[in-house]
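Counting from 1, the numbers follow the sequence of the chain as shown. The structure displayed is predicted, hence computed values, not measured ones.
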Amino acid sequence: MKPTHRLEAWLAARAGREDAEALHPFPATRALGEQFGISHATAFRLLCRMEGEGRVWRHPNGRFYPAVAGRVLGQPPPLAVLLRQMETWSLLCREVMEGFTDACGTAERPVLLCHSRALLSQEGRNSPLSLATPEEQRAWLGDFVLRHGGQVGGVLVDELLDDEALATTLPPGLPHVVFHRKSRAAGNVAADFRAGARLGLAHLRERGYERLLLVDSIPEYNAAQQGLAAVRTQEPGLEVLPNEEATLFSLLHRRAPRTAFIFPEDNSALGFAEAMRRGGLEPGRRHGVLSLMGTRASSPLSAVSYDFRTMGRQAAQMLLRNHCRRMTLPPVLRVGETA
């Protein structure tokens, strides 16, 4: 048998395998030439012919593999999602993930979900939040980079992760997009908090609320602070109160002017509206409650809302195109029972 025929038979036997060995490349053409007594150019031409016949697959790095390896190694790298603990996904996160995974599914791009138990913990809807410290965030991000950093094509980043932790931990060449809040360290698809503040304030004034009060329900929550800051930019003199039920109820006596409480997120706003009802007050009449987040949980509330599914889809498109930028989504006012 001629050397060329012997090499082709050897390659055909290797190319027909569908076990773990099929994911290993053939030897370099020079090594094949030396092994079978032919030139490396002849070995290369034979591999190219077999590639054209669909029997072997060429990796973008130039190495040849059995054809079955192309179905495994030829897939684009997954897009990673760095998210808070699964059990404590907020509805905002769920809606973002619905849009993100829908876009990735359409593009046939796999998704790698990495979630952290330390990033956020909360016993109940109205309980205090416990967020990971910057050191804990950097440790978790560092572990992700060590395990998966070279195997993913981009990262969707939980809004809770700090800009400094992202900038000092993620590799500069790894595309990443933060959802909901604005970020200085990455691309982002953020809520247009400024437009949302204008929309919410205009609605409350039109409804005749004379006194507007901001409730700082989650001081550690970056997106909440961006929302409150946008309201204070529009009306710098507004009073900011802690989320203490006794303090807030002390402002609801009969002779008080019509008062609206502005919360940066839904859970605290819903909790206070329920507390008002338990206390014999109907929110939306003399005293109102407005949320600046507006997820599906906010349906009884008057809320400034955003299309969080579109937020997820836009983030996915940025990563799929490897073109991360900063964009904002416009608000929509949803008038509910509370204002």
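Nearest heavy atoms, Tyr306 versus Gly196: OH-CA, 3.5 Å. When every heavy atom of Thr338 is checked against every heavy atom of Ala273, the shortest pair comes out as CG2-CB, 4.2 Å. Shown here for Phe179 and Cys93, the closest heavy-atom pair between the two residues is CZ-SG, 3.9 Å. Of all non-hydrogen atoms in Cys324 and Gly187, the two that sit nearest each other are CB-CA, 4.3 Å. Closest of all the heavy-atom pairs between Leu319 and Pro175 is CD2-O, 3.7 Å. The two residues Val96 and Met311 come nearest to each other via the heavy atoms CG2-SD, 4.1 Å.
Note: Phe263 and Phe272 have tilted aromatic rings, judged against thresholds of 30 and 60 degrees for the angle between ring planes. Ring orientation note: the planes of Phe44 and Phe64 are nearly perpendicular, at an angle over 60° on the 30°/60° scale. The aromatic rings of His59 and Trp57 sit perpendicular to each other, their planes meeting at more than 60°, with 30° as the lower class boundary.
Side chain of Glu265 to backbone of Asn267: a donor-acceptor contact under 3.5 angstrom is found. Checked by atom type and distance alone, the side chain of Ser302 pairs as donor or acceptor with a backbone atom of Ala339 at under 3.5 Å. The main-chain N or O of Thr133 is found under 3.5 Å from a side-chain atom of Glu136 such that the two form a donor-acceptor pair. Between the side chain of Asp192 and the backbone N or O of Leu329, no donor-acceptor pair lies under 3.5 Å. For the pair Arg326 (side chain) and Ser183 (backbone), a donor-acceptor distance under 3.5 Å is present. When atom types are taken as modelled, the side chain of Thr259 and the backbone of Pro257 share a donor-acceptor pair closer than 3.5 angstrom.
For the pair Pro78 and Gln151, the minimum side-chain heavy-atom distance is 4.5 Å or more. Ser116 is not listed as a side-chain neighbour of Gln85, based on a closest heavy-atom distance of 4.5 Å or more. Two residues are said to be in side-chain contact when any heavy atoms from C-beta on lie closer than 4.5 Å; Met97 and Leu83 meet this criterion. For the pair Ser90/Arg84, a side-chain contact is recorded, criterion being any heavy-atom separation below 4.5 Å from C-beta on. Side chains of Leu82 and Leu156 form no contact here, defined as non-hydrogen atoms less than 4.5 Å apart. Ile262 places none of its side-chain heavy atoms less than 4.5 Å from the side chain of Val289. Side-chain contact check for Leu119 versus Trp140: some heavy-atom pair is nearer than 4.5 Å. Taking the side chain as every heavy atom from C-beta outward, Leu47 and Thr29 approach each other to under 4.5 Å.
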task: Give the intermediate values and the outcome of side chain to side chain contact (heavy atoms under 4.5 Å, CB included) for residues Val215 and Ser268.
output: CA-CA 9 Å; Val215 183; Ser268 299; over 6 Å; no
- prompt: Passes salt bridge (Lys or Arg N to Asp or Glu O under 4.0 Å), Glu8 versus Arg49? Steps please.
  reply: CA-CA 10 Å; Glu8 183 171 2; Arg49 176 167 65 79; 3.0 Å; yes
task: Evaluate side-chain hydrogen bond (donor to acceptor under 3.5 Å, both in side chains) for Thr42 paired with Ser39, printing each intermediate quantity in order.
output: CA-CA 5 Å; Thr42 300; Ser39 70; 2.8 Å; yes
Test side chain to side chain contact (heavy atoms under 4.5 Å, CB included) applied to Val145 and Leu170, step by step: CA-CA 7 Å; Val145 171; Leu170 293 184; 3.9 Å; yes
field: Verdict with reasoning, Leu32 to His40, per side chain to side chain contact (heavy atoms under 4.5 Å, CB included)
entry: CA-CA 7 Å; Leu32 289 172; His40 71 87; over 6 Å; no
message: Working note: Arg14 + Phe26, criterion side chain to side chain contact (heavy atoms under 4.5 Å, CB included); need CA distance, chi angles, decisive distance, verdict.
response: CA-CA 8 Å; Arg14 285 283 305 276; Phe26 296 125; 3.4 Å; yes
field: Stepwise ring pair (Phe, Tyr, Trp, His ring centres under 6.0 Å) check, Phe308 with Phe100
entry: CA-CA 10 Å; Phe308 294 111; Phe100 186 82; over 10 Å; no
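For Glu98 and Arg94, the salt-bridge test fails: no basic side-chain N is under 4.0 Å from an acidic carboxylate O. Electrostatic pairing of Glu159 and Lys182 does not count as a salt bridge here, judged by no charged N lying under 4.0 Å from a carboxylate O. A salt bridge does not link Arg258 with Glu210: every distance from a Lys NZ or Arg NE/NH1/NH2 to an Asp or Glu carboxylate oxygen is 4.0 Å or more. Asp163 and Arg181 are joined by a salt bridge, as a carboxylate oxygen and a charged side-chain nitrogen come within less than 4.0 angstrom of each other. A salt bridge is defined here as a Lys NZ or Arg NE, NH1 or NH2 lying under 4.0 Å from an Asp or Glu carboxylate O, and Glu164 with Arg184 fails to meet this definition.
Distance check: Leu213 CG to Leu248 CG gives 8.0 Å after rounding to the nearest 0.5 Å. Rounded to the nearest 0.5 Å, atoms CZ (Arg334) and NE2 (His203) are 12.5 Å apart. In this structure, Leu320 CG and Arg313 CZ are separated by 13.0 Å, a value rounded to the nearest 0.5 Å. Going from atom CZ of Arg138 over to atom CG of Leu166 covers 11.0 Å, rounded to the nearest 0.5 Å. Atoms CG and OG, on Leu228 and Ser217 in that order, are 7.0 Å from each other to the nearest 0.5 Å. Once rounded to the nearest 0.5 Å, the distance linking NE2 of His5 with CD1 of Ile38 reads 10.5 Å.
Other residues, nucleotides and ligands contribute more than 12 heavy atoms inside 6.0 Å of the CZ atom of Arg205. With a 6.0 Å radius and a threshold of 12 heavy atoms from other residues, nucleotides or ligands, Glu108 has its CD atom at or below the threshold.
Placement of Val240 and Ile218 within a single hydrophobic cluster is found when ILVMFWY residues are connected by side-chain heavy-atom separations under 4.5 Å, directly or transitively. Linking ILVMFWY residues whenever their side-chain heavy atoms come closer than 4.5 Å, directly or via other members, leaves Phe193 and Leu292 in distinct clusters. Met327 and Val155 fall within the same hydrophobic cluster, defined by Ile, Leu, Val, Met, Phe, Trp and Tyr side-chain heavy atoms under 4.5 Å apart, directly or through other members. A chain of hydrophobic side-chain contacts below 4.5 Å, direct or via other Ile, Leu, Val, Met, Phe, Trp or Tyr residues, connects Leu174 to Leu113. Residues Val56 and Tyr65 are members of separate hydrophobic clusters, defined by side-chain heavy-atom contacts under 4.5 angstrom among Ile, Leu, Val, Met, Phe, Trp and Tyr.
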Let me have the donor-acceptor pairs involving side chains of residues 277-284, under 3.5 Å, with sequence neighbours excluded, atom names and distances please.
residue	atom	partner	partner atom	Å
Arg277	NH2	Glu337	OE1	3.4

